[in-house]
Amino acid sequence: MRRIAILRALRLLLLLAACGAAHGITLGRLFTSPADRAQIDALRAAGTNVQQIAPPPAADATAAPPAPAPPPPEPVVLNGIIKRSDGKSTIWLNQTPQDDNPNLRATKGALSLRLPSGRQVILQPGQRYDPLDGKVKDAHEP
């Protein structure tokens, strides 16, 4: 019975190894390289306790790559302001309507926009604010 269980386990391991090889999955280095082994042997011959010396970190193929840098902030384009007869306004920023946003205030056809940094920017319809250079430009300017 035990022999059958061992044979099944071996078949499973071989099957997993074959599937991993077919998909390009590698386990990386399981043992030390010949250079690392020579260094460990030299340390043992010198009487140094090898357990206290940490091996150099190996490149781990399964480690996640470093997180990408966050994307730069998007420019804010004022597409238009609609003033309704009841006195309320709808402001269109980046093709999206903005209703009842405390950081936006429409006055006399312009928009007063308070940025997260605390800075206040005034935009006319068709203008954009580029946070990379901190300037207000026409929407079609580069």
Side-chain angles (χ1 to χ4, degrees), residues 1-84 87-142:
M1 185 69 164
R2 182 176 174 159
R3 185 175 180 188
I4 294 173
I6 291 173
L7 287 174
R8 285 184 182 166
L10 283 174
R11 278 190 224 152
L12 179 63
L13 286 174
L14 288 173
L15 179 65
L16 289 174
C19 289
H23 292 289
I25 298 172
T26 60
L27 294 176
R29 186 183 317 154
L30 297 177
F31 303 103
T32 57
S33 67
D36 291 340
R37 185 79 241 157
Q39 181 184 12
I40 292 170
D41 289 341
L43 289 171
R44 282 195 180 135
T48 308
N49 187 354
V50 179
Q51 298 294 329
Q52 295 174 351
I53 299 173
D60 187 7
T62 61
E74 294 283 326
V76 178
V77 178
L78 177 59
N79 302 108
I81 302 171
I82 299 173
K83 186 94 169 170
R84 298 191 307 238
K88 294 184 180 180
S89 299
T90 300
I91 299 166
W92 289 79
L93 290 176
N94 296 338
Q95 302 292 331
T96 306
Q98 308 289 321
D99 293 318
D100 300 326
N101 189 332
N103 293 328
L104 305 174
R105 201 173 85 219
T107 55
K108 298 181 183 170
L111 171 70
S112 176
L113 170 66
R114 182 164 308 277
L115 302 173
S117 65
R119 181 177 175 197
Q120 190 166 350
V121 177
I122 296 179
L123 294 174
Q124 298 287 329
Q127 290 183 329
R128 69 178 161 93
Y129 170 72
D130 193 352
L132 293 178
D133 60 10
K135 295 182 181 178
V136 175
K137 303 174 184 177
D138 284 337
H140 59 46
E141 286 183 46

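Around the CD atom of Gln124, the shell of radius 6.0 Å holds more than 12 heavy atoms that belong to other residues, nucleotides or ligands. Remark: Lys135 NZ is loosely packed, at most 12 non-hydrogen atoms of other residues, nucleotides or ligands lying under 6.0 Å away.
Here the side chains of Leu93 and Leu111 are in contact, with some heavy-atom distance below 4.5 Å. Leu113 is not listed as a side-chain neighbour of Ile122, based on a closest heavy-atom distance of 4.5 Å or more.
The shortest non-hydrogen separation linking Leu78 to Pro125 is CD2-N, 3.5 Å. Taking each heavy atom of Pro97 and Thr90 in turn, the nearest pair found is CB-CG2, 3.9 Å. Considering all non-hydrogen atoms of both residues, Ala110 and Ile81 come closest at O-CD1, 3.6 Å. Of all heavy-atom pairs spanning Asp138 and Arg128, the tightest one is O-NE, 3.7 Å.
In terms of the side-chain contact (heavy atoms from CB on, under 4.5 Å) criterion, residue partners of Pro73 (sequence neighbours excluded) are, by chain and number, Pro131, Leu132. Qualifying side-chain contact (heavy atoms from CB on, under 4.5 Å) partners for Asn79, counting only residues two or more places apart in sequence or in other chains: Val77, Trp92, Gln95.
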